[in-house]
Amino acid sequence: MSFKDMKTRSKSPTSYQSLAAEMEKLNKRSESYKDDRFWKPALDKASNGYAVIRFLPAVEGEDLPWARVWNHGFRGPGGWYIENSLTTIGLKDPVSELNSQLWNSGSDDDKKLARDRKRRLSYVSNILVVSDPKNPENEGKVFLFPYGKKIFEKIQSAMNPEYQDEKPMNPFDFWSGADFKLKIRQVDGYVNYERSEFADAAPLFGGDDKALEELWKKQHPLKEFTDPKNFKSYDELKARLHEVLGGDIRASVNESAAKGGAETASFDDEDETPRPVRKPVTAAPAPKKEQKRVVESDDEVEDSLSYFEKLAGDE
């Protein structure tokens with residue numbers, strides 16, 4: 001798809017409806033290392049911060065402006081298990097299977113352990129940093145931005161507004177999108193993004209096609225984050241899981257990623273999941289509703305890019 005075709009497509013109702021349909025589908029159902037492609041907002045000592053970013057459209061050859069990844073992060077006697085889940089690419093994953101076994105055991109302690117080890121959801125998109133007061137050298141540059149459920153919900157709300165007097169807006173569009181004001185504050189010991197919001201819709205760069213095309217060509221492909229070749233195999237993940245837990249599936253050092261992240265991360269939120277992408281038993285009957293809530297839910301998400309980079313470096 002050429003730049004000219006993308007501009008024409010951006011004005012088509014079909015294009016918007018297609019993207020909105022993908023958003024609706026989500027509602028229905030890494031090797032960690034320092035990567036200069038990623039951006040994260042700087043916080044002050046009180047864990048408050050402010051920045052303005054612009055979500056960017058899909059790159060050439062890709063259909064969606066985001067990548068969606070499931071991860072696991074927890075600790076056992078053998079160290080940290082920090083891996084992408086194979087459920088990201090529609091395959092069976094050993095941790096999900098283990099969690100189903102624990103959840104269906106009938107033990108409350110096992111259910112708690114399954115919660116601590118359950119998968120977490122994150123997204124990655126290309127952004128333009130419009131304003132970064134703490135690091136102004138980032139302004140005007142394209143980065144990859146990992147974010148979680150709450151920010152994704154704000155994107156969804158902009159595309160599917162709740163009230164009749166609100167006009168639907170595609171935040172990823174060069175011409176009809178809008179800047180996103182990232183407002184960060186400390187709430188009950190967690191960094192919170194609830195006050196973040198979109199500005200009024202306006203063409204980026206005043207709609208200058210030449211400048212927009214140059215920017216578009218600087219964006220990073222997202223397909224690597226869901227490319228099966230970048231995921232470890234089922235057997236490799238199972239072997240790593242055995243190293244971390246040993247022979248005892250209930251082995252624990254009473255320290256999950258949720259607990260550790262809440263105490264030490266600099267960019268962390270009980271409702272957010274900025275995550276790095278790692279290049280990547282017969283169960284007793286149980287109510288389907290409960291099992292889905294633990295094994296597949298994304299209601300409780302946490303941890304941070306910087307936190308998991310640190311953990312990987314410590315292993």
Side-chain angles (χ1 to χ4, degrees), residues 3 6 30-44 48-62 64-69 71 84 121-152 154-155 158 170-174 177-184 191 193 196-199 202-205 208 211-227 230 265-269 272-279 303-310 312-313:
F3 181 81
M6 185 187 70
S30 174
E31 211 109 293
S32 181
Y33 61 96
K34 176 64 176 175
D35 192 332
D36 291 335
R37 296 176 302 164
F38 284 91
W39 174 86
K40 58 184 178 181
L43 306 180
D44 60 23
N48 298 319
Y50 177 83
V52 180
I53 61 176
R54 180 86 173 217
F55 288 99
L56 302 179
V59 302
E60 185 172 7
E62 297 184 4
L64 296 176
W66 66 74
R68 182 174 184 258
V69 184
N71 313 75
N84 279 358
L121 179 62
S122 63
Y123 301 86
V124 181
S125 289
N126 279 285
I127 62 163
L128 172 71
V129 176
V130 178
S131 175
D132 188 348
K134 290 284 187 181
N135 297 289
E137 67 274 10
N138 291 329
E139 295 175 2
K141 296 180 181 179
V142 173
F143 292 94
L144 292 172
F145 177 53
Y147 56 100
K149 178 174 176 284
K150 284 299 181 183
I151 289 180
F152 194 77
K154 290 182 179 293
I155 294 172
N170 178 2
F172 298 95
D173 191 81
F174 277 150
D179 292 349
F180 185 66
K181 295 181 283 187
L182 197 59
K183 300 177 180 180
I184 310 163
V191 177
Y193 305 88
S196 300
E197 60 182 350
F198 284 100
L204 186 60
F205 299 157
D208 183 335
L212 291 172
E213 185 171 13
E214 290 178 357
L215 178 68
W216 187 53
K217 291 179 178 179
K218 294 178 182 177
Q219 293 181 210
H220 306 284
L222 301 177
K223 60 184 179 182
E224 68 176 272
F225 298 111
T226 53
D227 189 332
N230 290 330
S266 61
F267 180 39
D268 197 349
D269 190 335
E272 291 296 325
T273 322
R275 288 285 196 103
V277 170
R278 298 181 67 86
K279 286 185 179 178
D303 312 320
S304 69
L305 180 64
S306 59
Y307 179 59
F308 276 86
E309 286 176 344
K310 178 180 182 298

Taking all non-hydrogen atoms of both residues, which atom of [X] and which atom of [Y] are closest, and how far apart?
| X | Y | answer |
| --- | --- | --- |
| L212 | L204 | CD2-O, 3.5 Å |
| D173 | R54 | O-NH2, 3.3 Å |
| R68 | T226 | O-CG2, 3.7 Å |
| E224 | R37 | OE2-NH1, 2.8 Å |
| P65 | S125 | O-OG, 2.9 Å |
| V69 | N71 | O-OD1, 3.6 Å |

Is any NZ, NE, NH1 or NH2 atom of the basic residue among E214 and K218 found under 4.0 Å from an Asp or Glu carboxylate oxygen of the other?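 Answer for the salt bridge query: no.
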Closer than 4.0 angstrom, basic N to acidic O: yes or no for E197 and K154?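 No, E197 and K154 are not salt-bridged.
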Interatomic distance, [X] atom [atom1] to [Y] atom [atom2] [nearest 0.5 angstrom]:
| X | Y | atom1 | atom2 | result |
| --- | --- | --- | --- | --- |
| F145 | H220 | CZ | NE2 | 14.0 Å |
| I127 | Q219 | CD1 | CD | 11.0 Å |
| K40 | D132 | NZ | CG | 12.5 Å |
| F174 | M6 | CZ | CE | 5.0 Å |
| N126 | L144 | CG | CG | 5.0 Å |
| W216 | L56 | CH2 | CG | 12.0 Å |

Within the side chain of E62, is there an N or O that forms a donor-acceptor pair under 3.5 Å with the backbone of K223?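 Indeed, once roles are kept as given, a pair shorter than 3.5 Å links the two residues.
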Okay, side chain of D208, backbone of A211: is any donor-acceptor separation there less than 3.5 Å?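 Yes, because the side chain of D208 sits within donor-acceptor range (under 3.5 Å) of the backbone of A211.
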Sub-6.0 Å ring centroid separation between Y147 and F180: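 That pair fails the under 6.0 Å test.
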Looking at the rings of W66 and F55, which for Trp means the six-membered one, are their centres under 6.0 Å apart?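 No: the rings miss the under 6.0 Å criterion.
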Do [X] and [Y] come close enough that some side-chain heavy atom pair is under 4.5 Å?
| X | Y | answer |
| --- | --- | --- |
| L64 | F172 | no |
| L222 | V59 | no |
| I151 | S196 | no |

Can you list the steps and then say if F225 with N84 is a side chain to side chain contact (heavy atoms under 4.5 Å, CB included)? CA-CA 10 Å; F225 298 111; N84 279 358; over 6 Å; no
Walk me through it: do L121 and Y123 pass the test side chain to side chain contact (heavy atoms under 4.5 Å, CB included)? CA-CA 7 Å; L121 179 62; Y123 301 86; 3.3 Å; yes
